[in-house]
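Report on one structure; see the data block that follows.
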Amino acid sequence: MTLHLANPHPLDAPAVLAWYDRHARDLPWRIPPAERRAGIRPDPYRVWLSEVMLQQTTVAAVKAYFTRFTNLWPSVHDLAAAPLDAVLREWAGLGYYARARNLHACAQVVVRDHGGVFPATSAALRTLPGIGAYTSAAIAAICFDEPVAVLDGNLDRVLARYHALPVPVREAKEDLRATLQASVPARAGDFAQAMMDLGATICAPRKVACLLCPLQPGCRGTRTADPVAFPVKPAKTDKPTRHGHAYVMRDADGDVFLRSRPGKGLLAGMTEVPTTEWSSTAHETIPPVSAAWRLAGQVVHVFTHFRLELDVWTATVSPEGLGDGWWADPGTLRSEALPTLFRKVLATAGLQ
DNA sequence: AACGCGGGGGT
DNA sequence: ACCCCAGCGTT
């Protein structure tokens with residue numbers, strides 16, 4: 001069903017752009033508005049890389065990864081030619097590891113099927129691995145000024161407040177998209193970035209500065225008792241806890257046993273140390289080999305949809321009968337594709 | 001349409 | 001101790 005938004009007017013795009021001209025954040029992948037207006041266009045490779053890294057990830061967390069990736073792989077050709085292992089290693093710690101696999105796959109498609117040149121329309125970009133509705137629109141607007149609605153979590157919040165939306169955003173997503181689409185001006189890329197900057201600074205999740213906002217005149221939310229009450233949240237479900245044991249094994253040389261996780265599912269393709277199953281009830285330790293095991297401590301790690309408590313055991317073992325894996329010198333752990341969970345495990349065992 | 005998928009910065 | 005972040009792919 002179509003939900004009629006309380007505020008039928010398009011956004012005041014000229015006011016938003018005027019604000020952006022004065023207050024645009026300086027970001028490593030961004031062309032500042034003055035240069036952008038002078039006709040300088042951003043490198044689609046850098047915009048794409050930043051947008052993928054920024055999926056569900058904060059600017060602060062992305063910056064160092066972006067610098068490292070662009071230093072290692074300055075062009076899409078370089079990234080496409082890199083081994084997937086190297087990309088996963090560099091991505092370790094950033095989360096949502098399917099992004100790294102799709103990033104690599106996308107680079108290879110761009111090189112193989114598009115001559116190393118990113119497609120210039122949102123529709124064509126949308127077909128590439130790891131590029132969905134948001135990212136395709138963002139790249140097309142920012143790089144090519146395609147007049148398309150760029151709707152992310154920031155915009156969900158800004159628009160929910162602008163309309164004083166009485167239902168969770170998910171129930172009105174297409175209505176929000178339609179009103180945003182009707183507001184997109186000629187400087188579509190700057191408008192998209194302006195709206196996201198607005199959401200990150202003036203219309204932040206738990207703090208608003210309505211008096212500084214270029215959208216304040218038309219905003220319904222600012223006229224309510226508590227603009228921060230929008231967007232209305234769906235009822236939250238509480239997070240279950242799972243338990244397990246992790247086994248940090250070292251051989252006579254002090255090397256530590258590592259292996260690769262399966263190619264699908266949680267932390268797919270990343271490096272781990274062996275663990276038991278992670279079950280909803282605590283269970284006894286089931287070591288992979290017989291040895292003089294010592295309990296080193298416990299690690300607590302929170303994923304999107306559950307909380308994990310792992311008891312960390314250590315032992316010196318003989319290097320037979322452990323199946324696929326490898327023995328790593330503790331000094332080289334920094335360059336392994338270890339997600340944060342297993343870095344915590346190794347730290348608890350006295351490594352790293 | 002709903003769900004699985006990380007990790008960290010901000011409050 | 002929360003909340004939420006420049007979402008996507010699968011089912």
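Quick caveat: nothing in here was measured; it's all calculated off a predicted structure. Numbers restart at 1 for each chain; the letters A, B, ... are given by sequence-line order, proteins then strands.
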Just checking A/Trp91: base, sugar-phosphate only, or nothing, at a heavy-atom cut-off of under 4.0 Å? nothing
Atom-pair distance (CG on A/Leu94; C1' on C/dA6), nearest Å: 13 Å
Just N and O in the side chain of A/Arg170: are any of them under 4.0 Å from OP1 or OP2 of B/dA2? yes
Side-chain touch A/Leu17/A/Phe191, heavy atoms, less than 4.5 angstrom: yes
Could you tell me whether A/Arg68 and A/Glu90 have a side-chain N and a carboxylate O separated by less than 4.0 Å? yes
Think A/Thr57 has a side-chain N or O under 4.0 angstrom from the OP1 or OP2 of C/dA6? no
Take atom CG of A/Leu151 and atom C1' of C/dC5, then tell me their distance rounded to the nearest Å. 14 Å
Between A/Phe257 and A/Trp326, is the ring centre distance below 6.0 Å? no
Can you tell me how far C1' of B/dC5 sits from CG of A/Asn102, to the nearest Å? 12 Å
Please report the distance separating the P of C/dA6 from the corresponding atom of B/dC3, rounded so that it comes out in whole Å. 24 Å
Between the side chains of A/Asp21 and A/Arg36, is the shortest nitrogen-to-carboxylate-oxygen separation below 4.0 Å, so that they form an ion pair? no
Closest listed nucleotide, where the reference is the side chain of A/Leu54 and the choices are C/dA6, B/dG6, C/dC8: C/dA6
Mind checking A/Arg30 for me? I need base, sugar-phosphate or nothing, with any heavy atom below 4.0 Å counting as a touch. base
Atom pair distance, as rounded to whole Å: CD in A/Glu51 and C1' in C/dA6: 5 Å
Has the side chain of A/Lys264 got a donor or acceptor atom that lies under 3.5 Å from a matching backbone atom of A/Gly269? no
Below 6.0 angstrom between ring centroids: does that apply to A/Trp48 and A/Phe118? yes
Whole Å only: how far is the CZ atom of A/Arg307 from the P atom of B/dG4? 19 Å
Here's one to test your reading of the geometry: is the NZ or CZ of A/Arg242 within 45 degrees of the ring axis of A/Phe306 and under 6.0 Å from its centre? yes
Contact class for A/Thr135 (heavy atom, under 4.0 Å): base, sugar-phosphate, or nothing? sugar-phosphate
Check this one for me: any side-chain N or O of A/Tyr96 less than 4.0 Å away from OP1 or OP2 of B/dG4? no
At 4.0 Å (heavy atoms only), tell me whether A/Leu27 reaches a base, stays on the sugar-phosphate, or touches nothing. base
Looking at A/His301, does any N or O in its side chain come under 4.0 Å of the phosphate oxygens OP1/OP2 on B/dG7? yes
Record whether the side chain of A/Thr340 comes under 3.5 Å of the base of B/dG6 through a donor-acceptor pair of N or O atoms. no
May I ask you to say what A/Gly93 touches in the nucleic acid, namely base, sugar-phosphate or nothing, with a heavy-atom cut-off under 4.0 Å? sugar-phosphate
For atom NZ of A/Lys207 and atom P of C/dC5, their distance in whole Å: 16 Å
Between B/dG6 atom P and A/Tyr65 atom OH, what is the distance in whole Å? 13 Å
Base partner of B/dG6, which must satisfy Watson-Crick or wobble distances under 3.5 Å: none
Between A/Glu272 and A/Arg259, is there a side-chain N and carboxylate O pair less than 4.0 Å apart? yes
Given DNA chain C, 5'-ward residue of the pair A/Gly153 and A/Lys264, judged by closest heavy atom: A/Gly153
Quick one: are the ring centres of A/His301 and A/Phe303 less than 6.0 Å apart? yes
Interatomic distance at P, B/dG8 relative to C/dC8, whole Å: 22 Å
Between A/Gln55 and C/dG7, is there a side-chain N or O to OP1/OP2 distance below 4.0 Å? no
Pairwise N/O distances under 3.5 Å, protein to nucleotides 1-4 of chain C:
unit_1 : atom_1 : unit_2   : atom_2 : d
C/dC3  : O4'    : A/Arg206 : NH2    : 3.1
C/dC3  : O2     : A/Arg206 : NH2    : 3.2
C/dC4  : OP1    : A/Lys233 : NZ     : 3.3

Rounded to whole Å, please give me the gap between NE2 in A/His305 and P in B/dG4. 6 Å
Counting any heavy atom closer than 4.0 Å, what does A/Tyr134 reach on the DNA or RNA strands: base, sugar-phosphate only, or nothing? base
Any base atoms under 4.0 Å from A/Ala133, or only sugar-phosphate, or nothing? Heavy atoms, all strands. sugar-phosphate
When we call it a touch if two heavy atoms are under 4.0 Å apart, what does A/Leu155 touch: a base, just sugar-phosphate, or nothing? nothing
Over all strands shown, is A/Arg25 touching base, sugar-phosphate only, or nothing at heavy-atom distances under 4.0 angstrom? base
